[in-house]
Structures are given as structure tokens and as C-alpha cells.
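Here is the structure we will look at, set down as C-alpha cells.
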2 protein chains.
Amino acid sequence: MTETLSGDAFSADLLRGHTDTIVLGALRGADRYGFEIYKAIRDATGGRHEVKEATLYATYRRLVKDGLVEAYWGDESQGGRRKYYRLTDAGRAVYRTNVAAWVATRDVIDILLDTAPTAKDHTR
Amino acid sequence: MTETLSGDAFSADLLRGHTDTIVLGALRGADRYGFEIYKAIRDATGGRHEVKEATLYATYRRLVKDGLVEAYWGDESQGGRRKYYRLTDAGRAVYRTNVAAWVATRDVIDILLDTAPTAKDHTR
DNA sequence: AGCAAGTACTGTATGACATCAAGTACATGA
DNA sequence: TCATGTACTTGATGTCATACAGTACTTGCT
């Protein structure tokens with residue numbers, strides 16, 4: 001914090017509250033292991049933003065505790081253990097609800113900040 | 001928390017990190033007093049969401065401390081004191097930066113959740 | 001007049017969560 | 001062999017949104 005926003009405007013902590021949903025979303029298509037999700041998020045932001053490893057592993061723990069994902073060790077028997085996560089039905093339901101919440105929240109913030117992307121808007 | 005998202009999907013805490021920017025934005029056009037901003041936000045969400053008073057007054061304090069806004073008492077001498085807030089130059093600059101951060105963050109989340117509003121998107 | 005409801009502001013906890021900092025362990029290429 | 005990358009873990013720490021509990025004035029209703 002206090003990082004006063006370096007050049008290209010990605011303040012840490014702005015994804016706060018969305019991390020769970022992002023992780024759940026990452027598991028929509030297939031089971032994935034922790035580090036894989038970490039890299040996926042990092043890459044999706046073009047490297048400009050990164051959700052810290054510690055944050056993600058804490059998130060995984062929370063999601064498992066809440067029954068939204070299940071964890072199991074992969075069988076990389078030759079070394080390099082990987083813990084995989086699988087979306088549960090409950091997780092899938094929460095994901096859907098959270099996406100709706102995101103869209104609603106996004107639109108409200110867009111209204112409050114006057115940043116709604118419209119046809120005439122040059123930002124898109 | 002743990003509120004498991006009631007019906008229309010507004011989880012508290014999703015605005016977290018954006019409150020400062022929203023308040024700064026509310027002061028763009030004119031000085032406003034605390035409760036006025038509170039009502040403006042509440043109304044902008046159609047009453048579906050509310051940033052709690054305690055949250056906002058904490059926010060004002062923080063913004064003053066950081067020199068982003070200045071506070072002064074209105075001259076409602078006949079009663080009903082109101083504390084007004086005025087955007088400083090620093091506040092205006094931070095606002096601009098934060099808006100850029102919001103747009104960047106919003107777009108990243110849209111990508112991660114696959115919720116980007118497009119022309120063919122029925123959500124708009 | 002009496003009283004509820006709304007306006008307006010304040011202060012002290014509390015808890016969630018993103019991150020920091022530090023660490024373990026294995027694999028691989030120079 | 002030694003740095004670098006992969007992969008996971010855990011114990012602080014700090015920020016911030018909120019709960020909770022006030023104070024004080026005003027206005028509308030009866």
C-alpha cells in the first residue's frame with residue numbers, strides 16, 4: 001500500500017474481494033494446480049499485475065475449507081509435487097453468483113466514476 | 001461477510017479499494033458534505049447497495065490525512081452542522097490515476113471472468 | 001407538546017484478507 | 001555446482017469496511 005500508483009496504474013489490492021471468484025473461474029474448464037493458476041493470472045494481465053503466491057495459497061485454503069473446491073495431489077511421482085484443485089458443485093454455484101455480483105458492482109462503479117464503456121467511448 | 005449473496009447479488013466488500021476513488025469522484029464537480037456523499041452513493045446504486053456511514057467517515061479522515069481533500073465546516077449557523085470537503089490538487093491527480101487503475105483492473109477482471117461487455121453481449 | 005424518524009457527525013472494536021518475509025524441496029540448464 | 005525456476009507452506013503485519021454505540025439537532029405527525 002502507499003504505493004501511490006506507479007506509472008501504469010495498477011494498484012495492488014484492487015482485485016481484493018475478487019480473488020476467490022477469479023480462482024473459481026480458472027477452474028471452470030479443468031482441474032488445475034496452484035502454481036498453474038498463479039501463472040495464468042499473471043499472464044492474463046500481460047504481466048502488469050500479479051496476485052501474490054501467498055495470496056493465492058491462502059485463497060485455496062479458504063476455498064477448500066468452504067467446500068467450494070477439492071484438493072488432491074497429482075501423481076507426478078518422479079518429483080515436483082503438484083496439488084490440484086477441482087471445482088465442486090457448490091463452488092460452481094458460488095461462481096455464478098459471484099460473477100453476477102461482479103457485473104452489478106462493476107456497473108455501479110462505472111456509474112459513480114463515469115467510466116462506463118459506451119459505443120461513443122474512446123476507451124474501447 | 002459470509003453473507004452468501006442474497007438474491008440480487010451485491011456482496012459487501014466488493015467496492016473495497018474503490019471507496020477513496022468514489023469519494024474523490026463525488027467531489028469533482030463541487031464541494032459536498034459527508035452525509036450528502038453518502039446519500040449520493042446510496043442513490044446511485046438504486047438503493048441496492050450502500051457504503052456504510054462509518055466507512056465513509058473513516059474514508060474522509062484518511063483522505064484529509066493524506067492531503068487529498070480539505071475539510072471545513074459549513075455556516076449553517078442556525079443548526080445542523082455540516083462538514084464540507086473540497087478536492088485538493090493532489091486529490092485531483094490521485095483521482096485521475098485511480099480512475100485509470102480502475103479501468104485497467106476492470107478490464108483484467110472482465111478478461112479473467114469472461115464478462116467483458118461486447119456489442120453482442122445481451123447484458124447491455 | 002411529545003415523539004418518532006431523519007439528518008449529520010464521531011469513536012472504538014473487530015475481522016477478513018492481501019501481502020511480506022522467510023522457508024522447504026525438487027528440477028534443470030549453463 | 002550453482003543459480004534459476006517450479007511448487008508449495010506458514011506466521012506476522014497492515015489496511016480497510018463494518019458493527020456497534022453513541023451525540024445532537026430538526027422536522028413531520030398526532
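Each chain gets a letter, A, B and so on, in the order its sequence line appears, and its residues count up from 1.
Between the CD atom of Glu50(A) and the P atom of dA18(C) there is a distance of 14 Å, rounded to whole Å. Atom CG in Leu15(A) sits about 21 Å away from atom P in dA16(C), given to the nearest Å. Rounded to whole angstrom, the span from the OH atom of Tyr38(B) across to the C1' atom of dG6(C) amounts to 11 Å. Computed from coordinates, the Leu14(B) CG to dC16(D) P distance equals 17 Å when rounded to whole Å. Protein atom CG of Leu56(B) is 10 Å distant from nucleotide atom C1' of dA17(D), rounded to whole Å. Rounding to whole angstrom units, CZ of residue Arg62(B) and P of dT10(C) are separated by 15 Å. Distance NE2 (His18(A)) to C1' (dA17(D)): 14 Å, rounded to an integer number of Å. Between the CG atom of Asp66(B) and the P atom of dT15(D) there is a distance of 10 Å, given to the nearest Å.
In this structure, Asp20(B) CG and Arg62(B) CZ are separated by 4.5 Å, a value rounded to the nearest 0.5 Å.
Taking the charged nitrogens against the carboxylate oxygens, Arg86(A) and Glu70(A) do have a contact shorter than 4.0 Å, which makes a salt bridge.
One finds no side-chain N or O of Thr59(B) lying less than 4.0 angstrom from the OP1 or OP2 phosphate oxygen of dC16(D). The shortest distance between the side-chain N/O atoms of Thr19(A) and the OP1/OP2 oxygens of dA18(C) is below 4.0 Å. The phosphate of dA8(C) (OP1 or OP2) has a side-chain N or O of Lys39(B) nearer than 4.0 angstrom.
Under the 4.5 Å side-chain criterion, counting only non-hydrogen atoms from C-beta, Tyr95(B) is in contact with Thr21(B). At a threshold of 4.5 Å between non-hydrogen side-chain atoms, the residues Lys83(A) and Tyr60(A) do not count as touching.
The side chain of Lys52(A) sits closest to dT19(C) out of dA16(C), dT19(C), dA19(D).
The ring-ring contact (aromatic ring centres under 6.0 Å, His included) test with Tyr72(A) is passed by exactly one of Tyr33(A), Tyr85(A), Tyr84(A): Tyr84(A).
Annotation: Asp89(B), atom CG; neighbour count of heavy atoms from other residues, nucleotides and ligands within 6.0 Å does not exceed 12.
Between the Thr55(A) side chain and the Val51(A) main chain, no donor and acceptor come within less than 3.5 Å of each other.
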Which pairs, protein N/O on one side and nucleotides 8-11 of chain D N/O on the other, fall under 3.5 Å?
unit_1, atom_1, unit_2, atom_2, d
dC8(D), OP1, Lys83(A), N, 2.4
dC8(D), OP1, Lys83(A), O, 3.3
dC8(D), OP2, Gly34(A), N, 3.3
dC8(D), OP2, Phe35(A), N, 2.6
dC8(D), OP2, Tyr57(A), OH, 2.9
dC8(D), N4, Glu53(A), OE1, 3.2
dT9(D), OP1, Lys83(A), NZ, 2.9

